[in-house]
Amino acid sequence: VPVESILLSSRLRDYTAIFESDGSFLGDLVATANRIFIVDENVWAAHAGGVLAALPREDVVLLPIAEETKTLSSVGLVWDTLLERSAKRNMTVVSIGGGICQDITGFAASTLYRGIGWIFLPTTLLAQADSCIGSKTSLNYRRFKNLVGTFFPPNAVHIYAPFLATQKEIDYYSGVGEVVKLHIMGGVDSACRLDEAMASIGEREVSVLHRTVRDSLLIKKSYVADDEFDIGRRNLLNYGHCFGHAIETATDYAVPHGQAVVLGMVIAQQVARDRGLETDPAQIELLDRLFVKSLLAACVPPHIDLDRVIEAMGHDKKRTGEGLVVVMAADGFEMVKHDDVSVAEARRAARSALAPCGGLA
Ligand SMILES: NC(=O)c1ccc[n+]([C@@H]2O[C@H](COP(=O)([O-])OP(=O)(O)OC[C@H]3O[C@@H](n4cnc5c(N)ncnc54)[C@H](O)[C@@H]3O)[C@@H](O)[C@H]2O)c1
Ligand SMILES: [Zn+2]
């Protein structure tokens, strides 16, 4: 794979996401002045003897990873570590891990001295294909997911597909869910390309992954550009998330995020079909095929309590008016957002859409 990069612009700074064809970039990072490596403990366990062997052990700090600890207390531990190691404002944190590592270290880097250097190496499919650009950092607070956060772009992102070889299947397919979302949002050509690549993605073929991750990021970039602070078009990236978040809550997070997003897209498209927005048989067939293929390896629990899903939807933090807010793909892969979906309509759509996926309580 030739080295490629994507330029991202942001109010704070411009930065590039670089696709690395071999591990030599790690040596360059080691040679950077005043850097420290903060590494997801599981990534270290999987890659210390391989991809990450170039890192000097004394400059590596291991970060314990759990959704429950994506909080200010972990950020405090990172601040402590950075202050112990160096009192300099001109330090650079190199974080290596998935979305949790990104959120904790990104938040810590954005707030210490009101912002220090930050380079991110995403090691999960979700982080590579989706979260590594867009400049959001998020922490959980009390029972609220991603309630607290900042906008803080990294100085650079390095994307290296071989990290993905060691991801657990369930986490990997969570990323596949977001990849499917983005490729549908990219239009008919990208959705068809993904459909053809799906078997190789399942095999984690490095060249296919690089291309798929690159295309995902280019599509995301097209939605984030000119709306860094999420007030307009960027909202459409919430496709699948309106119902998806509710499914996560209603199942106490037993359904991994990206899989919940796929189920959320399945319901959203049912609403679109009920409203006569999606009528093209070819599009319907393609979307359904992508949904099925991306859910195949999922561990979707047999019972999703529809009442809890609907109740959780009512609590959606992005909701502004009376109705439920749903993003859908209309004919021609045109993304639309409706904010007048009634509870009864959502319930009907969810019931008929999810019936083939397993039992509903
Ligand atoms: N800031 C944003 O814009 C943004 C966007 C989307 C999601 N997120 C957040 O990202 C998190 C989910 O991130 P994720 O899906 O990347 O996974 P993750 O960070 O939750 O990691 C999942 C598990 O995989 C392990 N892991 C990571 N890379 C690995 C590898 N290469 N090999 C083996 N194990 C590995 C981790 O240690 C962890 O146990 C959520 O907290 C979500 O809220 C943030
Ligand atoms: Zn998501």
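Order of appearance sets the numbers: ligands from 1, and atoms from 1 within every ligand. Owing to the predicted nature of the structure, the values given are computational and were not obtained by experimental measurement.
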Going by atom types only, do [X] and [Y] share a side-chain donor-acceptor pair under 3.5 Å?
X	Y	result
Glu4	His210	no
Asp103	Thr137	no
Ser95	Trp118	yes
His257	His245	no

Open item on the list: Closer than 2.8 Å to the Zn ion (ligand 2): does that hold for any N, O or S atom in Asp130?
Closed with: no
[atom]: which protein heavy atom is closest, and how many Å away?
atom	result
atom 39 (O) of ligand 1	Asn42 ND2, 3.1 Å
atom 28 (N) of ligand 1	Thr123 OG1, 2.8 Å
atom 7 (C) of ligand 1	Leu126 CD2, 3.7 Å
atom 42 (C) of ligand 1	Lys70 NZ, 3.8 Å
atom 41 (O) of ligand 1	Glu67 OE1, 2.8 Å
atom 23 (C) of ligand 1	Asp171 OD2, 3.4 Å

Open item on the list: Tell me whether Ser138 has any N or O atom under 3.5 angstrom from an N or O of ligand 1.
Closed with: no
- [ ] Return yes or no for this condition: an N or O of Gly99 is under 3.5 Å from an N or O of ligand 1.
- [x] yes
Between [options], which one has a non-hydrogen atom sitting closest to [atom]?
atom	options	answer
atom 35 (C) of ligand 1	Ile133, Thr150, Ile65, Val43	Val43
atom 17 (O) of ligand 1	Ile104, Thr124, Leu139	Thr124
atom 11 (C) of ligand 1	Ile100, Val39, Leu125	Ile100
atom 2 (C) of ligand 1	His257, Lys136, Glu41	Lys136
atom 5 (C) of ligand 1	Gly97, Ala129, Gly134, Ser131	Ser131

TODO: State whether the number of non-hydrogen atoms from other residues, nucleotides or ligands found under 6.0 Å of Glu203 atom CD is greater than 12.
DONE: no
Open item on the list: Does atom OH (Tyr253) have a neighbourhood of more than 12 heavy atoms from anything else shown, all under 6.0 Å?
Closed with: yes
Task: Vertex the Zn ion (ligand 2), rays to NE2 in His241 and NE2 in His257 - rounded to 10° - done: 100°
Salt bridge check, [Y] against [X]: does any charged N sit closer than 4.0 Å to a carboxylate O?
X	Y	value
Asp274	Arg348	no
Lys293	Asp288	no
Arg275	Asp331	no
Glu67	Lys70	yes

TODO: Mark the output for Asp40 as yes if a heavy-atom distance to ligand 1 is under 4.0 Å, and as no if none is.
DONE: yes
- [ ] Looking only at N, O or S atoms, find the one in Glu178 nearest to the Zn ion (ligand 2) and name it.
- [x] OE2
- [ ] Please state which part of Asn146 comes within less than 4.0 Å of ligand 1, counting heavy atoms only: side chain, backbone, both or neither.
- [x] side chain
- [ ] Would you kindly specify which portion of Asp103 sits under 4.0 Å from ligand 1, judged on non-hydrogen atoms: side chain, backbone, both or neither?
- [x] side chain
Task: Sub-4.0 Å atoms of ligand 1 with respect to non-hydrogen atoms of Thr166 - done: 30 (C), 31 (N), 32 (N), 33 (C)
- [ ] For Gly98, counting its heavy atoms only, list the atoms of ligand 1 lying under 4.0 Å from any of them.
- [x] 16 (O), 19 (O)
TODO: Return the minimal non-hydrogen interatomic distance between Ala197 and Arg211, and the atom names on each side.
DONE: CB-NH2, 3.7 Å
Open item on the list: Does Arg214 qualify as a cation-pi partner of Phe19, given the criterion of NZ or CZ under 6.0 Å from the six-membered ring centre and within 45 degrees of its axis?
Closed with: no
Open item on the list: Angle between ring planes, His158 versus Phe25, binned at 30° and 60°: parallel, tilted or perpendicular?
Closed with: parallel
